[in-house]
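Below is one structure, written out as structure tokens, with a few remarks after it.
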Amino acid sequence: MQLTDLTAVQLLDGYRKGEFSPVEATEEALARARRIQPEVNAFVRLTEEDALARARQAQARWRRGEPAGLLDGVPVTVKDIFLLRGHPTLRGSKTVSGQGSWTEDAPSVARLREHGAVFLGKTTTPEFGWKGVTDSPLSGITRNPHDPSRTAGGSSGGSAAAVALGAGALSLGTDGGGSIRIPAAFCGIFGLKPTYGRVPLYPASPYGTLSHAGPMTRDAADAALLLDVIGAPDPRDWSALPPAPGSFTEGLAGGVRGLRVAYSPSLGGQVAVDPQVAAAVRRAVARLAGLGAYVEETDPDFSDPVEAFHTLWFSGAARLTEHFSPHKRQLLDPALRKVCVQAARHSALEYLAAVDVRMDLGRRMGRFHEAYDLLVTPTLPVTAFEAGEEVPKGSAHRRWTGWTPFTYPFNLTQQPAATVPVGTDGAGLPVGMQLVAARHRDDLVLRAAHALYEAGIASSAPVTPAGS
């Protein structure tokens, strides 16, 4: 097996035993990144010189038996929304200048640096992370590792593609309406949107408290390890949570026996789900019951909050671009420019009405989780569609939210939600199943997901690049 096929946990075990080194793992990951870039376009830039320097430092520490932290020498990638010291963060936009010294790390990047991680490069994002697919005027189209004619999803599409193809075992993504879970589901990897505030954000997102940061990995064990590292408070984010009461890695054991699981195949008939997606998720749910969970087919009590989400989300985009010059506006993704114009017309009362919808949704889900430990749904009602499109061809939907109705409600409520790969459709495209828990119960989501991986129900086998 190639080193690019190993998880972070496996890499660390190999370093510990002296079977291979951080330099070898980094060199292979960089070679993989260079190889996939022409076809998949997962990277804005590679940081090869810095990566190899950090890998050599990690290798020396391992040889002394003094690793720097929990991820010493593990190759990671960072979505180009996060600040990475010494390198521009362009956020998918031609409106952002790359000039300057770039002297600061984002909080999660700083934690990775403290724990010895090796930064391979910055991954692609749509402009300012505004939509559920990854293409931008700056970096073009990011494609799906399973079929490059299809989208990788978004907005953390570059991160999902990189992890799926072995260009770094771990990646940092952001999720304001599904932006970790959507591409993770389309690319067949694990993605976790933690409880809001568990992973600090700085600079603050233009989308406010909808936006979360979290792990994108091969499996739940890697995600727990990464969350143990990045889930620490940072004084630059006043909304960050205090430290978790325990290790997420240590909390993986225990399985799902006795957990009360609500299975909602279509949110009460509100979502038309592709039959192959529905069948794959239903099979996984049946096996979840076989592991000892108490499963009941039932639906949470809410109607689609998409209009409230649109008001909050697109108002954030409009505020971000409010002071752009006419020249800068012409550089924007045309669809983003259009929604900014529309959202700028929202009144304060309309915004507050959307906040009211959000508060009521949070109340409903709080009551729901008094009866159920987990809510299980499809992550998405479809598998990956044509690359370069915001919505599937022939769809009646105008915006990306039309095909993501299972994801954005749980940004409104700030709950932890993860996607696990549970099969494929007839074209070999991955199907994701979503696990949602009450706020602050990230441990339950990770524990249940880990049980699915341990039982072979979930699988994130590395994709072999074309020509290998």
Side-chain angles (χ1 to χ4, degrees), residues 41-42 44 79-81 90-96 123-144 149-161 173-183 186 205-208 210-211 304-346 350-351 354 380-382 384-405 407-408 411:
N41 189 31
V44 177
K79 183 180 181 180
D80 198 36
I81 292 290
L90 303 182
R91 304 165 76 191
S93 182
K94 290 183 176 180
T95 68
V96 179
T123 56
T124 53
T125 175
E127 196 159 25
F128 304 115
W130 83 274
K131 61 183 176 180
V133 293
T134 300
D135 59 71
S136 74
L138 179 69
S139 55
I141 298 170
T142 298
R143 299 176 180 276
N144 195 294
S149 72
R150 309 295 183 106
T151 180
S155 63
S156 306
S159 288
T174 60
D175 188 316
S179 288
I180 285 173
R181 290 160 290 156
I182 293 166
F186 276 177
S205 169
Y207 310 109
L210 293 171
S211 192
D304 188 357
V306 67
E307 293 306 323
F309 179 81
H310 281 171
T311 297
L312 298 171
W313 184 258
F314 294 135
S315 292
R319 171 62 178 161
L320 174 68
T321 60
E322 180 182 13
H323 299 296
F324 279 17
S325 67
H327 170 69
K328 266 194 170 185
R329 286 186 177 276
Q330 286 305 309
L331 297 176
L332 291 171
D333 178 336
L336 174 59
R337 187 166 62 242
K338 183 175 182 180
V339 298
C340 287
V341 170
Q342 294 169 343
R345 303 188 185 114
H346 289 315
E350 288 172 322
Y351 190 92
L380 297 164
V382 296
F385 51 87
E386 302 87 351
E389 303 290 336
E390 186 183 341
V391 299
K393 288 182 179 177
S395 170
H397 303 298
R398 296 177 57 235
R399 296 269 77 95
W400 60 271
T401 45
W403 51 269
T404 61
T407 60
Y408 55 76
N411 293 83

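Predicted, not measured: the structure shown is a model, and the values here were computed from it.
Smallest separation of non-hydrogen atoms from F186 and A152: CB-O, 3.8 Å. Shown here for S315 and H346, the closest heavy-atom pair between the two residues is OG-CD2, 3.5 Å. The two residues G153 and P183 make their nearest non-hydrogen contact at C-CB, 3.8 Å. Looking at every heavy atom in both residues, D175 comes nearest to I180 through OD2-N, 3.1 Å. Contact record, A317 with L336: CB-CD1, 4.0 Å, taken as the closest heavy-atom pair.
To the nearest 0.5 Å, atoms OG (S156) and CZ (R181) are separated by 10.5 Å. Distance CD1/I81 to OG1/T174: 5.5 Å, rounded to 0.5 Å. Taking CD1 of I141 as the start and OG1 of T134 as the end, the distance is 11.0 Å to the nearest 0.5 Å. Rounding to the nearest 0.5 angstrom, the gap separating the SG atom in C340 from the CG atom in L320 is 7.0 Å. Rounding to the nearest 0.5 Å places OG of S325 at 7.5 Å from CG of L331. Taking NZ of K94 as the reference point, atom CD of Q330 lies at 12.0 Å (rounded to 0.5 Å).
The side-chain heavy atoms of R329 and T321, taken from C-beta on, include a pair separated by under 4.5 Å. Residues P206 and R91 are in side-chain contact: their nearest non-hydrogen atoms beyond the backbone lie under 4.5 Å apart. Looking only at side-chain heavy atoms (C-beta outward), V339 and W130 come within less than 4.5 Å of each other. Taking 4.5 Å as the limit, every side-chain heavy atom of P137 sits out of range of all side-chain heavy atoms of L332.
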Hey, mind stepping through V133 and W400 against side chain to side chain contact (heavy atoms under 4.5 Å, CB included) and telling me if it holds?
CA-CA 8 Å; V133 293; W400 60 271; 6.0 Å; no
Can you check side-chain hydrogen bond (donor to acceptor under 3.5 Å, both in side chains) on S136 and E127, steps first, answer last?
CA-CA 6 Å; S136 74; E127 196 159 25; over 6 Å; no
Given the rule in the side chain to side chain contact (heavy atoms under 4.5 Å, CB included) test, do V96 and F128 qualify, once you have shown the distances and angles that lead to the verdict?
CA-CA 10 Å; V96 179; F128 304 115; 4.0 Å; yes
Residue pair Y207, N411: steps toward the side chain to side chain contact (heavy atoms under 4.5 Å, CB included) verdict:
CA-CA 11 Å; Y207 310 109; N411 293 83; over 6 Å; no
Show your reasoning for whether side-chain hydrogen bond (donor to acceptor under 3.5 Å, both in side chains) applies to T124 and T142.
CA-CA 7 Å; T124 53; T142 298; 2.7 Å; yes
W403 and I182: side chain to side chain contact (heavy atoms under 4.5 Å, CB included), yes or no, with the steps?
CA-CA 10 Å; W403 51 269; I182 293 166; 3.7 Å; yes
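Of the N and O atoms on the side chains of S159 and T123, at least one donor lies less than 3.5 Å from an acceptor on the other residue. For K79 and S155, the side-chain atoms include at least one donor-acceptor pair closer than 3.5 Å.
Checking side-chain atoms of N41 against main-chain N and O of R143 turns up no donor-acceptor pair under 3.5 Å. For T151 (side chain) and A384 (main-chain N/O), no donor-acceptor pair under 3.5 Å exists by modelled atom type.
Pairs engaging residues 333-342 under the salt bridge (Lys or Arg N to Asp or Glu O under 4.0 Å) rule: K131-D333 [sequence neighbours left out].
Enclosure of atom CZ in R398 is not indicated, since only 12 or fewer non-hydrogen atoms of other residues, nucleotides or ligands lie within 6.0 angstrom.
Checked against a 6.0 Å centroid threshold, the rings of Y408 and W313 do not count as neighbours.
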